[in-house]
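Throughout, protein chains are lettered first and strands after them, A, B, ... in sequence-line order, and every chain is numbered starting at 1.
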There are 2 protein chains.
Amino acid sequence: MTDASTWRRLGFLLTQLGTFASARFAERVRDLGLVPSDAGVLRLLSRNPGMSQRDLAGRLGTVPSRVVVLIDSLEDRGLVARTRSQNDRRNHELRLTDAGHATMGALRGIAEAHERELFASLDDEERRLLQGILAKLAAGFGLDAEVHPGYSERGQ
Amino acid sequence: MTDASTWRRLGFLLTQLGTFASARFAERVRDLGLVPSDAGVLRLLSRNPGMSQRDLAGRLGTVPSRVVVLIDSLEDRGLVARTRSQNDRRNHELRLTDAGHATMGALRGIAEAHERELFASLDDEERRLLQGILAKLAAGFGLDAEVHPGYSERGQ
DNA sequence: TATTGTTATACTCTATAACTATA
DNA sequence: TATAGTTATAGAGTATAACAATA
């Protein structure tokens, strides 16, 4: 049995490191002129081209009116395009533009550099163990493997 | 060498799980009528009674004006008391009231239950490994062992 | 009548700057 | 003149509700 101080420290560490990792990622994407929520939207649209705003809201766990603001901003910067669906003209189909795909490519590079930086102090065995344990925890809590958090309520 | 998809997944998992853990902790402390930032302040004051607001701001990584709001709220609820320092009447010495100590006790119980819930799916060996790896990472990034994140800027 | 997206609006959180009281 | 704390204020992010277009 693990003692109480270790019990306490584990959740604390997870929260601290998760926050640290997010903040560091935010710094990096800012170099691309993006905020973290932009990055998540681009990622989701690159994998699911043609998604409607409503689908996107559902997937991100937020409300449609928030998606309007997110997409307005990305559209203004020429990274995402809205086109009216021909099947149902109420829908907007969302897709990355060419510039959006290019930014998405840069984002992949940034994500990889981010990972390398974060886990540079671990050896291969430690990384493998950490990956296994964190994946087990995430699966247990039903976390969506494609969606970054931070689209609803206030982050804590 | 670990392959690229594993690299990527690790930081992603850390952010997801950290956010999940914070959100779950926020739910639990809400049962005590607190928000997470209250919990961190109570914790710090219980270990450092007599702290000034300026010291607290520095420790939390935020600005003095934010501390005013945090302490106002805790004082209104009778959990923290301000007393003018006799050495330097510009300073407020901050201390938990009796009710504040009682709430702090309840908070310890909640923190422990939180840990048990989060890591229930792991066996002792996995917990030990996770603890070692996370502690190594946190130390490498210079994270303060006593301070929860979330007092500056916006959560991500 | 129901649904998609939009707008208007309000609320919370946080930071900056000006202010007061003490030193 | 400098420092601790406070107040006023402004900005960002997010949600709710009312609305227009389409089904």
Side-chain angles (χ1 to χ4, degrees), chain A residues 19 22-23 26 29-30 33-41 45 48 50-76 80-95 147-156, chain B residues 19 22-23 26 29-30 33-41 45 48 50-76 80-95 147-156:
Chain A
T19 303
S22 312
V29 298
R30 198 187 315 132
L34 303 176
V35 292
S37 55
D38 292 330
V41 171
L45 293 182
N48 306 277
M51 239 181 164
S52 75
Q53 295 188 193
R54 221 135 182 129
D55 290 344
L56 185 57
R59 193 64 189 277
L60 295 173
T62 188
V63 291
S65 64
R66 173 132 168 64
V67 171
V68 172
V69 179
L70 289 168
I71 299 297
D72 277 353
S73 166
L74 289 165
E75 197 177 36
D76 288 346
V80 168
R82 286 172 164 109
T83 55
R84 283 278 171 203
S85 166
Q86 300 196 332
N87 302 333
D88 182 339
R89 293 183 40 73
R90 290 173 301 183
N91 277 268
H92 276 153
E93 293 176 359
L94 302 173
R95 283 190 189 78
V147 180
H148 257 286
Y151 291 93
S152 63
E153 300 178 10
R154 320 210 126 258
Q156 270 314 326
Chain B
T19 304
S22 312
V29 298
R30 198 188 314 134
L34 303 176
V35 291
S37 54
D38 293 331
V41 171
L45 293 182
N48 307 277
M51 238 182 164
S52 74
Q53 295 187 195
R54 217 124 187 139
D55 290 344
L56 186 56
R59 194 63 188 278
L60 295 173
T62 187
V63 292
S65 64
R66 174 132 167 64
V67 171
V68 172
V69 179
L70 290 168
I71 299 298
D72 278 353
S73 166
L74 289 165
E75 197 177 37
D76 287 347
V80 168
R82 286 172 164 110
T83 56
R84 284 278 171 201
S85 165
Q86 300 197 333
N87 302 333
D88 182 338
R89 292 183 39 74
R90 289 173 302 185
N91 276 268
H92 275 153
E93 293 177 358
L94 303 173
R95 285 192 188 76
V147 180
H148 256 287
Y151 290 94
S152 63
E153 299 178 9
R154 315 207 131 262
Q156 287 307 333

Can you tell me the distance, in whole Å, between the [atom1] atom of [X] and the [atom2] atom of [N]?
| X | N | atom1 | atom2 | value |
| --- | --- | --- | --- | --- |
| B/I71 | D/dT6 | CD1 | P | 9 Å |
| A/D38 | D/dG13 | CG | C1' | 13 Å |
| A/Y151 | D/dA12 | OH | P | 19 Å |
| A/L94 | C/dG5 | CG | C1' | 11 Å |
| B/Q53 | D/dT3 | CD | P | 17 Å |
| B/E93 | D/dG5 | CD | C1' | 14 Å |
| A/L56 | C/dT4 | CG | C1' | 14 Å |
| A/D55 | C/dT3 | CG | C1' | 13 Å |

With a 4.5 Å limit on heavy-atom distance, are the side chains of A/D38 and A/V35 in contact?
yes
Side chains of B/N48 and B/L56 in contact at under 4.5 Å (non-hydrogen atoms):
no
Steps toward side chain to side chain contact (heavy atoms under 4.5 Å, CB included) verdict (A/V67, A/V41)
CA-CA 9 Å; A/V67 171; A/V41 171; over 6 Å; no
All side chain to side chain contact (heavy atoms under 4.5 Å, CB included) counterparts of [X], not counting sequence neighbours:
| X | value |
| --- | --- |
| B/V63 | B/S65, B/R66 |
| B/R82 | B/Q53, B/V68, B/I71, B/D72, B/E75, B/H92, B/L94 |
| B/D55 | B/M51, B/S52 |

Just to verify, what does B/R90 make a salt bridge (charged side-chain N to carboxylate O under 4.0 Å, His left out) with, not counting sequence neighbours?
B/D88
Going by the rule salt bridge (charged side-chain N to carboxylate O under 4.0 Å, His left out), which residues pair with B/R95 if we only count those two or more places apart in sequence or in a different chain?
B/E93
Does the side chain of A/N91 get closer than 4.0 angstrom to OP1 or OP2 of C/dG5 through an N or O atom?
yes
When you compare the protein's N or O atoms with those of nucleotides 18-23 of chain C, which come within less than 3.5 Å of each other, and at what distance?
| from | atom 1 | to | atom 2 | distance (Å) |
| --- | --- | --- | --- | --- |
| C/dA23 | OP1 | B/R89 | N | 2.8 |

Going by number, which of residues 59-68 of chain B have a non-hydrogen atom under 4.0 Å from DNA chain C?
B/T62, B/V63, B/S65, B/R66
Tell me, please, which residues at least two apart from B/S73 pass side-chain hydrogen bond (donor to acceptor under 3.5 Å, both in side chains).
B/R77
